[in-house]
Amino acid sequence: MTTRRGTEERIPLLLGVLASLAIALVAIPLVGLLVRVPWSNLGSLLTSDVVLDALRLSLISSIAAAALSTVLGVPLAWLLARRRFRGRRVVRAAVTLPMVLPPVVGGAALLFALGRRGVVGEPLDAITGIVLPFSLAGVIVANTFVAMPFLVLTVEGALTNSDRGVEAAAASLGASPLRVFWKVTLPAIAPSLRAGMVLAWARALGEFGATVTFAGNLQGRTQTLPLAVFVSLENDRNAALAMSLVMVAVSFAVLLGLRDRWWNNR
Amino acid sequence: MCTAQRIVRRTGAVGVVLGVLSALVGCGTDSDSDTLIVFAASSLVDAFAEIGAAFEEQNAGADVMITTGGSSALRAQIIDGAPAAVFASANASTMDAVVEAGDTAAQPEVFARNRLEVVAPAGNAGGVSGLSDLARSDLFVGLCAAGVPCGDLSRDVLGEAGVTPSVDTDEPDARALLSKIVDGELDVGLVYATDAASAVDDVVAFATGVDMTTPYLIAPLDGAADPELAAAFVDFVTGPVGRAVLSDKGFAAP
């Protein structure tokens, strides 16, 4: 953006006041959290078994969910952006639904579908012996369910707005559609893809409702950081606050690293 | 505005927010209607809905709003200043914490007791017959999380019986655990006898064989908008009407 002197540097009072309120709305709860954090014994709190197990499971499940969202979500975003087919609008609405649904509802839906008595889960168990609830795989499925829409929407937006001239040129020179997708389309939307992956990862890291409903809560197997925070709030507030601080710090560092990349990449 | 506030089962934060909002719109100061916000452990949800309705009938103008949740979550909200008038907890330690924080207006009273039962889904596909089945690794076993009253009592009962459970999930509260058993996702778990009674068509229940109960305590709170009404409600719960309803829901006498 170019900077110009004059009226554009002045902030109208009304906008300034409202924007300050917006900042306060987000910042004050964070300050409230920071004030309560037991800084003096933070070290011992953060190296307890519960916290280390939860941190490990959170990293594994959120990264796996971001990867799975990418592998499945990019082709879906491409399909939605580049191909006209019957029911496209229904598919797009359905795919974005997990962003709007309360995660607990998503978790219950997953349980009815993929649970041990679920429509798909029961035959899956009978044929393969795979049981998703109460397992790390179940956590990853729940995380992917809520996180994938963020990737699909970001990537679809970039694909819709990207210049298709180069793709047409590559195709006219004899490149197969898959090769065009891999060598031309994907590199062109790389910044958006990266932003979509980070958003999906961040959403997965904070996932609570769908996970506890579908995958349960067991230290070392399915208890991610948000679950550990929730359970600790009941009986060990200092541990809960210490873990909350970790989540805030990790998420904030990543979002700060992204800066405003996902708005200004076109 | 206040006529819309009948007894509604509300849980956790949403209930607190609604309670605060209704206090803000001025229902508490209306001379015709006196709102009483009651925080009750989730296992009391059915009993307190009935007791609250009976209390409203006997006290014209009283408007009982019941918020249910895990005892320890409610405790945390009360200590953080939630505008509750009465607290009913599902064990002694959560009530003790509220007393220690100086938030009670009178000595807490034990008004009921509850015991645990071994519960399996209807059909009992896992062939559960008692407490020792919680140690079977071939079954999906659920408990309430440690720190929640039903979770602490479960660990005491298992410890007393010398059973080391093969746990697959520590659920955040008794109702969440019960619903996973009702759905058949878990093969066996330990829930309150009152919860088992509420789902009698969907589960089979077995005695634990351990004689341990958890006390339910009730106390009026310091922050009550109308302290007399709060005290009256506590008397009503511990009185004949309250006792009859509680016994009907499967609670044992104090």
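Throughout, a chain's letter reflects where its sequence line sits, starting with A, and its residues are numbered from 1.
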Side chain / backbone / both / neither for Leu111(A) at chain B, heavy atoms under 4.5 Å: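 When you check distances to chain B, atoms from both the backbone and side chain of Leu111(A) fall under 4.5 Å.
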Residue Arg221(A) versus chain B: region with a heavy atom under 4.5 Å: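 Only the side chain of Arg221(A) comes within 4.5 Å of chain B.
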Interatomic spacing from CZ in Phe214(A) to CD in Glu185(B) - rounded to 0.5 Å: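 Going from the CZ atom of Phe214(A) to the CD atom of Glu185(B) covers 8.0 Å.
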CD on Glu171(B) to OG1 on Thr213(A), rounded to 0.5 Å: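 The OG1 atom of Thr213(A) sits 8.0 Å away from the CD atom of Glu171(B).
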Heavy-atom contacts under 4.5 Å, residues 26-51 of chain A to chain B: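 Near chain B, by residue number: Arg36(A).
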Chain A contacts, top residue of Asp80(B), Asp152(B), Thr94(B), Leu177(B) (heavy-atom pairs, under 4.5 Å):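 Looking at each option in turn, the highest pair count goes to Asp80(B).
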Side chain proximity check, Pro172(B) to Val231(A), heavy atoms < 4.5 angstrom: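 Contact flag for Pro172(B)/Val231(A) side chains = no.
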Close side-chain approach of Val167(B) to Leu218(A), heavy-atom, < 4.5 Å: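 Sidechains of Leu218(A) and Val167(B): in contact.
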Greatest number of heavy atom pairs closer than 4.5 Å to chain B - which of Gln223(A), Arg116(A), Gln219(A):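 Among Gln223(A), Arg116(A), Gln219(A), the one with the most close pairs to chain B is Arg116(A).
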Arg92(A) atom CZ, over 12 foreign heavy atoms within 6.0 Å: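 Yes - once you tally the heavy atoms of other residues, nucleotides and ligands closer than 6.0 Å, there are more than 12.
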Any donor-acceptor pair under 3.5 Å from Asn217(A) side chain to Asp170(B) backbone: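 Side chain of Asn217(A) to backbone of Asp170(B): a pair is present.
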Salt-bridge criterion met for Asp187(B) and Arg117(A) (N-O under 4.0 Å):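 Looking at Asp187(B) and Arg117(A), the cut-off is not met.
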Derivation and outcome, side-chain contact (heavy atoms from CB on, under 4.5 Å), residues Phe134(A) and Lys180(B): CA-CA 11 Å; Phe134(A) 316 113; Lys180(B) 282 202 167 87; 3.9 Å; yes
Which portion of Leu143(B) sits near chain A, non-hydrogen atoms under 4.5 angstrom: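 For Leu143(B), neither part sits under 4.5 Å from chain A.
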